[in-house]
Amino acid sequence: MKMVIMVRNDIKMGKGKIAAQVAHAAVSLVLDILNSNNNIWKSCLEEWINEGQPKIVVKVENLEELLKRAELARQKNLPVTIIQDAGKTQVEPGTITCAGIGPCEDSLIDSITGDLKLL
């Protein structure tokens with residue numbers, strides 16, 4: 001079980017900003033699952049927590065690639081979140097900075113993000 005966060009590589013964000021955006025995605029995924037009625041997602045969340053909450057952060061080249069991969073995950077009925085920044089520091093308001101998938105089985109996420117490089 002793992003969670004993967006995809007970060008856009010085409011926008012300029014400092015390391016701290018990237019860390020904050022990744023944290024937003026991870027927390028949002030967990031909250032979305034806890035607030036859902038999807039028992040499969042909840043079971044995956046519990047297993048992921050018991051396995052130490054593995055998170056992988058990868059980079060995508062642009063917004064189009066991020067949205068395409070997020071849509072592929074949605075089509076497979078995986079938990080997905082898209083993070084839009086409030087625009088108070090380094091990027092314009094509403095800028096999509098990253099997207100998260102999971103937690104779910106490694107093979108399901110790898111079929112969508114396995115070819116991406118680590119951030």
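- The hydrophobic side chain of Ile40 is isolated, with no ILVMFWY side chain under 4.5 Å apart from it.
- The pair Asp10-Lys59 does not count as a salt bridge, with every side-chain nitrogen at least 4.0 angstrom from each carboxylate oxygen.
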| query | Going through the distances and angles, do Thr97 and Lys17 end up as a side chain to side chain donor-acceptor pair (under 3.5 Å)? | reply | CA-CA 10 Å; Thr97 57; Lys17 181 69 169 179; over 6 Å; no

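- Residues Met1 and Glu47 share a closest heavy-atom pair of CE-OE1, 3.4 Å.
- In terms of hydrophobic clustering, with Ile, Leu, Val, Met, Phe, Trp and Tyr side chains grouped at heavy-atom distances under 4.5 Å, Leu34 and Ile49 are assigned to a common cluster.
- In this structure, NZ in Lys2 is found 5.5 Å from CD1 in Ile56, a value given to the nearest 0.5 Å.
- More than 12 heavy atoms of other residues, nucleotides or ligands sit less than 6.0 Å from atom CD of Gln75.
- Heavy atoms from other residues, nucleotides or ligands lying under 6.0 Å from NZ of Lys68 number 12 at most.
- Looking at every heavy atom in both residues, Glu65 comes nearest to Leu116 through OE2-CD2, 3.4 Å.
- For the pair Ala70 and Ile82, the tightest heavy-atom approach, listed with the atom from each and the gap, is CB-CD1, 3.7 Å.
- The shortest distance between side-chain heavy atoms of Thr95 and Ile11 falls below 4.5 Å.
- The two atoms that bring Cys104 and Leu78 nearest to each other are SG-CD2, 3.7 Å, heavy atoms only.
- Put simply, CG on Leu31 and NE2 on His24 are 12.0 Å apart, with the number rounded to the nearest 0.5 Å.
- One finds the CZ atom of Arg8 at 7.5 Å from the CD atom of Glu64 (value rounded to the nearest 0.5 Å).
- Between Pro103 and Met3 the shortest heavy-atom distance is CD-CE, 3.8 Å.
- Listed by chain and number, the hydrophobic cluster partners of Ile83 come to none, as no ILVMFWY side chain reaches under 4.5 Å of it.
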